[in-house]
Amino acid sequence: WGLGLFLAPPLIQAAQVTGLESPHSFVGDPLAPHYFISNVNGEPDARDNNGFVTKLDRDGKVVNLKFIQGGVGNITLHAPKGLALVRETLYVADLDQLKGVDKTTGKQLAAVSIPPSAPGRRVSLVDVTAGPGGVLYVSDQAGNSIYRVDPAAGHRVSLLIHDDRLAGPAGLAVHPKTNHLIAVSWDKGKILEITPDGQLTELVSNGFFTSRFQNLSGVDFDRWGNMYVSDFTKGKIWRMTRDNRFQVIAEYLPAPADI
(Lines give C-alpha, C1' and ligand atoms only; values in the text may rest on other atoms or scores of the structure.)
Protein backbone atom coordinates (compact mmCIF):
# COMPACT_ATOMS: atom_id res chain seq x y z
CA TRP A 1 0.00 0.00 0.00
CA GLY A 2 1.04 3.58 -0.68
CA LEU A 3 -0.50 6.65 0.89
CA GLY A 4 -0.44 10.23 -0.36
CA LEU A 5 -0.35 12.85 2.39
CA PHE A 6 -0.67 16.61 2.44
CA LEU A 7 1.42 17.91 5.32
CA ALA A 8 0.93 21.41 6.67
CA PRO A 9 3.84 22.68 8.78
CA PRO A 10 6.01 24.42 7.91
CA LEU A 11 4.78 24.55 4.29
CA ILE A 12 2.00 22.67 2.56
CA GLN A 13 3.59 19.74 0.75
CA ALA A 14 2.74 16.28 -0.49
CA ALA A 15 4.42 13.08 0.65
CA GLN A 16 4.13 9.52 -0.61
CA VAL A 17 4.44 6.80 2.03
CA THR A 18 5.00 3.19 0.95
CA GLY A 19 5.08 -0.08 2.88
CA LEU A 20 1.72 0.46 4.56
CA GLU A 21 -0.81 -2.35 4.95
CA SER A 22 -4.49 -1.33 4.84
CA PRO A 23 -3.89 2.12 6.34
CA HIS A 24 -6.89 3.55 8.13
CA SER A 25 -6.16 6.68 10.19
CA PHE A 26 -3.63 9.50 10.23
CA VAL A 27 -2.92 11.94 13.05
CA GLY A 28 -0.39 14.72 13.51
CA ASP A 29 1.27 15.55 16.82
CA PRO A 30 0.61 19.20 17.73
CA LEU A 31 3.49 19.15 20.24
CA ALA A 32 6.20 17.46 18.15
CA PRO A 33 7.09 17.13 14.45
CA HIS A 34 5.66 13.65 13.97
CA TYR A 35 2.72 11.92 12.31
CA PHE A 36 1.22 8.49 12.95
CA ILE A 37 -0.69 6.09 10.63
CA SER A 38 -2.65 3.03 11.76
CA ASN A 39 -2.35 -0.12 9.64
CA VAL A 40 -5.08 -2.77 9.90
CA ASN A 41 -2.91 -5.29 8.00
CA GLY A 42 -5.61 -7.88 7.32
CA GLU A 43 -9.33 -8.21 7.80
CA PRO A 44 -10.86 -5.28 9.69
CA ASP A 45 -12.42 -7.50 12.39
CA ALA A 46 -9.76 -10.22 12.63
CA ARG A 47 -8.05 -10.94 15.95
CA ASP A 48 -4.74 -11.72 14.27
CA ASN A 49 -2.39 -9.54 16.39
CA ASN A 50 -0.51 -8.26 13.33
CA GLY A 51 -1.67 -4.64 13.19
CA PHE A 52 0.86 -1.85 13.44
CA VAL A 53 1.28 1.91 13.66
CA THR A 54 3.74 3.81 11.46
CA LYS A 55 5.62 6.91 12.65
CA LEU A 56 6.66 9.68 10.24
CA ASP A 57 8.76 12.81 10.60
CA ARG A 58 7.58 16.32 9.72
CA ASP A 59 8.47 15.76 6.04
CA GLY A 60 6.45 12.57 5.75
CA LYS A 61 9.49 10.29 5.80
CA VAL A 62 9.17 7.01 7.68
CA VAL A 63 10.89 7.11 11.06
CA ASN A 64 9.67 3.64 12.02
CA LEU A 65 7.36 1.62 9.77
CA LYS A 66 6.25 -0.55 12.70
CA PHE A 67 6.64 1.85 15.61
CA ILE A 68 3.97 -0.15 17.45
CA GLN A 69 3.44 -3.73 16.30
CA GLY A 70 1.10 -6.47 17.48
CA GLY A 71 2.97 -9.49 18.82
CA VAL A 72 6.14 -7.55 19.64
CA GLY A 73 6.95 -6.98 23.29
CA ASN A 74 3.81 -6.71 25.38
CA ILE A 75 1.75 -5.19 22.56
CA THR A 76 -1.46 -6.80 21.36
CA LEU A 77 -2.77 -5.00 18.30
CA HIS A 78 -5.24 -6.68 15.97
CA ALA A 79 -6.83 -4.16 13.60
CA PRO A 80 -5.91 -0.61 14.68
CA LYS A 81 -8.16 2.06 13.24
CA GLY A 82 -8.81 5.47 14.84
CA LEU A 83 -5.97 7.47 16.45
CA ALA A 84 -5.89 10.37 18.90
CA LEU A 85 -3.11 12.17 20.76
CA VAL A 86 -3.47 13.51 24.28
CA ARG A 87 -0.21 15.12 25.37
CA GLU A 88 2.35 12.26 25.55
CA THR A 89 -0.08 9.41 24.86
CA LEU A 90 -1.17 8.03 21.51
CA TYR A 91 -4.56 6.31 21.72
CA VAL A 92 -5.51 3.57 19.25
CA ALA A 93 -8.98 2.09 18.69
CA ASP A 94 -8.56 -1.66 18.25
CA LEU A 95 -11.68 -3.84 17.95
CA ASP A 96 -13.11 -3.80 21.50
CA GLN A 97 -10.21 -2.07 23.25
CA LEU A 98 -8.71 1.39 23.37
CA LYS A 99 -4.93 1.17 23.68
CA GLY A 100 -2.75 3.97 25.01
CA VAL A 101 0.97 4.02 24.22
CA ASP A 102 3.82 6.42 24.87
CA LYS A 103 4.20 8.45 21.67
CA THR A 104 8.00 8.52 22.04
CA THR A 105 8.90 5.00 23.19
CA GLY A 106 5.89 2.99 21.99
CA LYS A 107 5.48 1.46 25.45
CA GLN A 108 1.92 0.46 26.25
CA LEU A 109 0.43 2.59 29.02
CA ALA A 110 -3.21 1.53 29.00
CA ALA A 111 -5.55 -1.09 27.57
CA VAL A 112 -9.18 -0.11 28.10
CA SER A 113 -11.88 -2.68 27.35
CA ILE A 114 -15.13 -1.23 26.03
CA PRO A 115 -18.22 -3.16 27.17
CA PRO A 116 -21.04 -3.89 24.70
CA SER A 117 -24.02 -1.55 24.86
CA ALA A 118 -26.27 -4.59 25.30
CA PRO A 119 -25.67 -8.25 26.28
CA GLY A 120 -24.45 -10.34 23.37
CA ARG A 121 -23.77 -7.32 21.16
CA ARG A 122 -20.43 -7.17 19.35
CA VAL A 123 -18.14 -4.16 19.91
CA SER A 124 -16.38 -2.78 16.84
CA LEU A 125 -14.43 0.40 17.61
CA VAL A 126 -13.69 2.56 14.58
CA ASP A 127 -12.54 5.99 15.71
CA VAL A 128 -11.33 7.92 18.73
CA THR A 129 -11.04 11.66 19.20
CA ALA A 130 -10.04 13.92 22.09
CA GLY A 131 -12.31 16.62 23.47
CA PRO A 132 -11.67 19.50 25.84
CA GLY A 133 -9.62 18.51 28.86
CA GLY A 134 -8.36 15.33 27.19
CA VAL A 135 -11.62 13.36 27.49
CA LEU A 136 -11.83 10.75 24.74
CA TYR A 137 -14.79 9.71 22.61
CA VAL A 138 -14.86 6.31 20.88
CA SER A 139 -17.30 5.14 18.19
CA ASP A 140 -18.66 1.60 18.22
CA GLN A 141 -19.95 1.06 14.69
CA ALA A 142 -21.54 -2.35 15.26
CA GLY A 143 -23.25 -1.27 18.47
CA ASN A 144 -24.57 2.12 17.26
CA SER A 145 -22.91 3.61 20.31
CA ILE A 146 -20.40 6.26 21.32
CA TYR A 147 -18.47 5.98 24.58
CA ARG A 148 -16.70 8.54 26.73
CA VAL A 149 -13.34 7.58 28.25
CA ASP A 150 -11.77 9.82 30.91
CA PRO A 151 -7.99 9.32 31.25
CA ALA A 152 -7.91 11.61 34.30
CA ALA A 153 -10.25 9.21 36.13
CA GLY A 154 -8.29 6.03 35.46
CA HIS A 155 -9.72 5.71 31.96
CA ARG A 156 -13.25 5.37 33.29
CA VAL A 157 -15.67 4.30 30.54
CA SER A 158 -19.23 5.60 30.26
CA LEU A 159 -21.83 5.32 27.52
CA LEU A 160 -22.44 8.73 25.94
CA ILE A 161 -25.18 7.59 23.55
CA HIS A 162 -26.70 4.43 22.12
CA ASP A 163 -29.14 5.24 19.33
CA ASP A 164 -30.02 3.46 16.09
CA ARG A 165 -30.07 6.87 14.38
CA LEU A 166 -26.28 6.83 14.60
CA ALA A 167 -26.52 4.24 11.80
CA GLY A 168 -23.04 2.77 12.14
CA PRO A 169 -21.03 5.67 13.61
CA ALA A 170 -17.58 5.84 12.07
CA GLY A 171 -15.41 8.99 12.14
CA LEU A 172 -15.53 11.40 15.06
CA ALA A 173 -14.35 14.98 15.56
CA VAL A 174 -14.99 17.74 18.09
CA HIS A 175 -16.47 20.92 16.62
CA PRO A 176 -13.92 23.72 17.18
CA LYS A 177 -16.61 26.32 17.99
CA THR A 178 -19.24 24.44 20.01
CA ASN A 179 -17.11 21.59 21.41
CA HIS A 180 -19.98 19.28 20.45
CA LEU A 181 -19.10 15.88 19.05
CA ILE A 182 -19.57 15.37 15.30
CA ALA A 183 -20.03 11.83 13.99
CA VAL A 184 -20.47 10.47 10.48
CA SER A 185 -22.64 7.48 9.63
CA TRP A 186 -21.31 4.53 7.64
CA ASP A 187 -24.69 2.91 7.03
CA LYS A 188 -26.78 5.96 6.08
CA GLY A 189 -24.28 8.63 5.02
CA LYS A 190 -25.40 11.11 7.70
CA ILE A 191 -23.55 13.82 9.60
CA LEU A 192 -24.62 14.02 13.24
CA GLU A 193 -24.04 16.29 16.20
CA ILE A 194 -24.01 15.03 19.81
CA THR A 195 -24.01 17.31 22.83
CA PRO A 196 -21.94 16.53 25.97
CA ASP A 197 -25.09 15.09 27.59
CA GLY A 198 -25.81 12.77 24.65
CA GLN A 199 -28.50 14.70 22.75
CA LEU A 200 -28.44 13.83 19.04
CA THR A 201 -29.18 16.11 16.08
CA GLU A 202 -28.95 15.20 12.39
CA LEU A 203 -27.03 17.96 10.63
CA VAL A 204 -27.02 16.44 7.15
CA SER A 205 -28.82 13.40 5.74
CA ASN A 206 -29.50 12.04 2.29
CA GLY A 207 -32.84 12.97 0.77
CA PHE A 208 -35.47 10.51 -0.43
CA PHE A 209 -34.55 11.05 -4.09
CA THR A 210 -30.94 12.18 -3.66
CA SER A 211 -27.95 10.40 -2.20
CA ARG A 212 -24.96 12.71 -1.89
CA PHE A 213 -23.15 10.42 0.56
CA GLN A 214 -22.85 6.66 0.75
CA ASN A 215 -20.49 5.22 3.38
CA LEU A 216 -19.00 8.09 5.33
CA SER A 217 -15.81 7.13 7.15
CA GLY A 218 -13.92 10.18 8.41
CA VAL A 219 -14.57 13.73 9.58
CA ASP A 220 -12.36 16.62 10.62
CA PHE A 221 -12.19 20.42 10.73
CA ASP A 222 -9.69 23.02 9.60
CA ARG A 223 -8.63 26.07 11.58
CA TRP A 224 -11.38 28.18 9.98
CA GLY A 225 -14.19 25.85 11.03
CA ASN A 226 -14.80 24.18 7.66
CA MET A 227 -15.77 20.51 7.95
CA TYR A 228 -14.32 17.70 5.83
CA VAL A 229 -15.83 14.23 5.40
CA SER A 230 -14.60 11.20 3.48
CA ASP A 231 -16.89 8.86 1.53
CA PHE A 232 -15.19 5.48 1.49
CA THR A 233 -17.33 3.93 -1.25
CA LYS A 234 -17.64 6.92 -3.58
CA GLY A 235 -13.95 7.79 -3.21
CA LYS A 236 -14.54 11.46 -2.43
CA ILE A 237 -13.53 14.06 0.12
CA TRP A 238 -16.13 16.75 0.72
CA ARG A 239 -15.76 20.15 2.33
CA MET A 240 -18.73 21.74 4.10
CA THR A 241 -18.15 25.44 4.60
CA ARG A 242 -19.42 27.37 7.62
CA ASP A 243 -22.40 28.57 5.54
CA ASN A 244 -23.32 24.92 4.79
CA ARG A 245 -22.14 24.79 1.17
CA PHE A 246 -20.71 21.46 -0.02
CA GLN A 247 -17.72 21.12 -2.36
CA VAL A 248 -15.89 18.03 -3.59
CA ILE A 249 -12.18 18.74 -3.06
CA ALA A 250 -10.86 15.29 -4.07
CA GLU A 251 -12.39 12.36 -5.95
CA TYR A 252 -11.53 9.04 -7.60
CA LEU A 253 -9.66 8.08 -4.41
CA PRO A 254 -9.23 4.37 -3.66
CA ALA A 255 -11.25 3.90 -0.47
CA PRO A 256 -10.50 7.02 1.61
CA ALA A 257 -10.95 6.06 5.27
CA ASP A 258 -10.43 8.27 8.31
CA ILE A 259 -9.21 11.86 7.89
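What's counted below: heavy atoms across the whole structure, side chains too, no hydrogens, waters or symmetry copies. Along the sequence shown, residues carry numbers from 1.
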Exercise. So, R242 side chain and W224 main chain: donor-acceptor pair closer than 3.5 Å or not?
Worked result: yes

Exercise. Does one side chain, of Y35 or D29, offer a donor that lies under 3.5 Å from an acceptor on the other?
Worked result: no

Exercise. Would you say S38's side chain and S25's backbone share a donor-acceptor pair under 3.5 angstrom?
Worked result: yes

Exercise. Would you call N39 and I37 a side-chain contact if the rule is heavy atoms closer than 4.5 Å?
Worked result: yes

Exercise. Looking only at atom types and distance, does a side-chain atom of S230 sit under 3.5 Å from a main-chain N or O of F232, one as donor and one as acceptor?
Worked result: no

Exercise. Can a cation-pi geometry be assigned to K55 and F36, taking NZ or CZ under 6.0 Å from the six-membered ring centre and within 45° of the ring axis?
Worked result: no

Exercise. Can you tell if the side chain of V17 reaches within under 4.5 Å of the side chain of L56, non-hydrogen atoms only?
Worked result: yes

For this session: Measure from the side-chain N and O atoms of H162 to the backbone N and O of G143, and report whether any donor-acceptor pair falls under 3.5 Å.
Result: yes

Problem set entry | Side-chain heavy-atom pair L136, T129 within 4.5 angstrom cut-off | no

Problem set entry | Polar contact flag, side-chain donor to acceptor under 3.5 angstrom, S185-D187 | no

Exercise. CD of Q199 to CG of D163: how many Å apart, nearest 0.5 Å?
Worked result: 10.0 Å

Problem set entry | Stacked cation flag R212 on F246, 6.0 angstrom / 45 deg | yes

Problem set entry | Worked verdict on L200 versus I161 for side-chain contact (heavy atoms from CB on, under 4.5 Å) | CA-CA 8 Å; L200 176 67; I161 181 173; 3.8 Å; yes

Exercise. Does S139 use its side chain to pair, donor to acceptor, with the backbone of Q141 at less than 3.5 Å?
Worked result: no

For this session: Evaluate whether atom CD of E251 has more than 12 neighbouring non-hydrogen atoms of other residues, nucleotides or ligands under 6.0 angstrom away.
Result: yes

For this session: Would you kindly say whether D231 and S217 are connected by a side-chain donor-acceptor distance under 3.5 Å?
Result: no

Exercise. Under a 4.5 Å cut-off applied to non-hydrogen side-chain atoms, are S124 and D140 in contact?
Worked result: yes

For this session: Check step by step if side-chain contact (heavy atoms from CB on, under 4.5 Å) holds for V112 and V157.
Result: CA-CA 8 Å; V112 185; V157 178; 3.4 Å; yes

Problem set entry | L31 CG to E88 CD distance, which is reported to the nearest 0.5 Å | 6.5 Å

Exercise. Hey, is NZ on K234 packed in by over 12 heavy atoms from elsewhere, all under 6.0 Å?
Worked result: yes

For this session: Before giving the answer on ring pair (Phe, Tyr, Trp, His ring centres under 6.0 Å), spell out for H155 and Y91 the whole-Å C-alpha distance, their side-chain angles and the decisive distance to 0.1 Å.
Result: CA-CA 11 Å; H155 293 94; Y91 287 95; 5.7 Å; yes

For this session: Answer yes or no: is there a side-chain heavy-atom contact under 4.5 Å between L160 and L181?
Result: yes

Problem set entry | Nearest-0.5 Å distance, CH2 of residue W186 to CG of residue N144 | 14.5 Å

Problem set entry | Distance in Å, H175 NE2 paired with H180 NE2, rounded so as to fall on 0.5 Å steps | 9.5 Å

Exercise. Do D45 and R122 meet the salt-bridge criterion of a basic N to acidic O distance under 4.0 Å?
Worked result: yes

Exercise. With a 3.5 Å cut-off and no angle check, do the side chains of S113 and Q97 form a donor-acceptor pair?
Worked result: yes

For this session: Determine, for D59 against K61, whether the closest basic-nitrogen to carboxylate-oxygen distance falls under 4.0 angstrom.
Result: no

Exercise. If two hydrophobic side chains count as joined below 4.5 Å and joins carry through other members, does Y137 share a cluster with Y147?
Worked result: no

Exercise. Would a hydrophobic clustering, with Ile, Leu, Val, Met, Phe, Trp and Tyr connected at side-chain separations under 4.5 Å, put F26 with F221?
Worked result: no

Exercise. Salt bridge (charged side-chain N to carboxylate O under 4.0 Å, His left out) between R239 and D220: does it pass, once the steps are laid out?
Worked result: CA-CA 10 Å; R239 175 170 55 209; D220 207 349; over 6 Å; no

For this session: Would you please test I237 and L253 for side-chain contact (heavy atoms from CB on, under 4.5 Å) and show each step?
Result: CA-CA 8 Å; I237 305 292; L253 302 173; 3.6 Å; yes

Exercise. Does the salt bridge (charged side-chain N to carboxylate O under 4.0 Å, His left out) test come out yes or no for K99 and D94, once each step is laid out?
Worked result: CA-CA 7 Å; K99 309 289 176 61; D94 184 27; 3.3 Å; yes

Problem set entry | pair F52-N50: side-chain heavy atoms closer than 4.5 Å | no

Exercise. Distance-only, no hydrogens or angles: does the H78 side chain make a donor-acceptor pair with backbone N or O of N49 under 3.5 Å?
Worked result: yes

Exercise. Is there a side-chain contact (heavy atoms from CB on, under 4.5 Å) between K103 and L85 once you walk through the steps?
Worked result: CA-CA 8 Å; K103 69 178 185 180; L85 278 158; 4.1 Å; yes

Problem set entry | Pair N215-T233, side-chain donor/acceptor within less than 3.5 Å | yes

